[in-house]
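Following: one structure in structure tokens, then a few remarks.
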Amino acid sequence: MNATNRKLAEEPEPKNRYLNAKRNPDYTIDQDWASYSAEEHDRWDRLFARSVTVLQDRACPEFLDAMRLLQLSEAGIPDMARLSDRLEPVSGWRVVPVTELVPDDIFFDHLANRRFPAGAFIRPESEMDYLQEPDIFHDVFGHVPLLANPAYSDFMQAYGEGGQRALRRGMLKNLARLYWYTVEFGLVRSETGLKLFGAGIMSSASESVFALESDSPHRVAFSLERVMRTNYIIDDFQQTYFVIDSFEKLLEACYRDFGEVYDRLESASTIEPDQTVPEDTVITRGTLAYFKDKA
Ligand code: HBI
Ligand code: FE
């Protein structure tokens with residue numbers, strides 16, 4: 001058994017080989033694009049091909065347009081610096097490599113300065129369908145394209161500034177729900193019906209179908225305070241998806257003094273993800289069958 005085999009036998013491929021990367025004070029690292037193996041590039045291409053097939057008629061048009069504009073394709077794992085050179089002239093955003101989730105205050109500071117922190121590692125073969133941590137496919141394929149959309153990119157910067165205020169006010173949990181039910185799992189109206197825009201859905205081929213076509217989940221019209229009162233689950237499909245009318249309307253809904261919103265939220269009860277409430281505009285009431293079968 002030669003040295004290489006012995007090495008492979010002893011140390012299986014680490015899930016995230018950037019965990020020991022040298023980290024800057026703002027938690028960014030060197031993506032070291034040259035270090036990606038042919039196997040990792042191939043994994044990106046397979047994830048990309050599968051998702052683009054599913055998203056052709058399900059992603060919102062703004063997402064599909066941005067994919068072309070940013071030249072995201074099956075050409076292997078993107079070099080974030082080069083991708084940023086295409087994105088920055090469009091919306092002022094850049095994509096910066098990080099090892100994993102960064103502390104909230106660091107995250108918000110990046111967003112407030114139009115820098116999107118993206119994981120540099122790519123998921124292992126054993127987690128192609130679902131993984132808990134945001135890898136480069138979730139962050140770059142899921143989150144980055146819409147940063148080319150003017151209203152959405154302004155919303156993301158406002159979210160960063162709002163996050164810094166929410167931290168000071170101790171209302172991060174409520175604000176994180178806004179991010180969760182829009183940026184991660186949001187649906188948007190279009191001329192041809194409901195479409196996907198949340199990154200958590202887009203980067204999962206199975207949830208891209210479930211979120212639009214299953215009769216299990218509720219689909220409820222977006223309302224800022226309703227969303228900020230609603231709990232969420234992080235390790236399965238959503239029981240409720242919220243629908244915005246447009247990115248401009250989402251931005252408008254959030255351009256207000258959150259202080260009074262937080263005052264009201266402090267005395268508002270929490271809504272569970274499988275519930276609907278009387279003031280909801282329910283677009284489709286779910287059977288929750290998928291979740292009952294799993295329980
Ligand atoms: N860090 N890299 C990264 N990506 C995220 O999406 C992220 C994070 N840190 C905190 C965080 N998200 C959430 O807790 C905030 O939205 C509240
Ligand atoms: Fe995400």
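Both counts, for ligands and for their atoms, begin at 1 and track the order of listing.
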Geometric N/O contact E184 with ligand 1, under 3.5 angstrom: no
Heavy-atom donor-acceptor pair, Y130 side chain to E127 backbone, under 3.5 Å: no
For the student: nearest non-hydrogen atoms of Y27 and V102, plus distance: CB-CG1, 3.7 Å
Winner among V183, V102, I106 once heavy atoms are compared against atom 9 (N) of ligand 1: V102
Sub-4.0 Å atoms of ligand 1 with respect to non-hydrogen atoms of F108: 17 (C)
Residue, atom name and distance, where the atom is the protein heavy atom closest to atom 5 (C) of ligand 1: F107 CE1, 3.3 Å
The Fe ion (ligand 2) reached by E184 (N, O or S, under 2.8 Å): yes
Atoms of ligand 1 close to E100 [distance to a heavy atom under 4.0 angstrom, numbered from 1]: 2 (N)
Y241-E207 side chain donor-acceptor pair, cut-off 3.5 Å: yes
I77 backbone acceptor or donor facing W33 side chain under 3.5 Å: yes
Cationic N near anionic O, under 4.0 Å, R50 to E74: no
Distance filter under 4.0 Å to Y159 heavy atoms, resulting ligand 1 atoms: 16 (O), 17 (C)
No-hydrogen, no-angle side-chain donor-acceptor test under 3.5 Å, T99 and R23: no
H143: its N/O/S atom lying closest to the Fe ion (ligand 2) (atom name): NE2
Closest approach of any protein heavy atom to atom 10 (C) of ligand 1, naming residue and atom: D104 OD1, 3.1 Å
Plane angle bin for F197 and F247 - parallel if under 30°, tilted between 30 and 60°, otherwise perpendicular: perpendicular
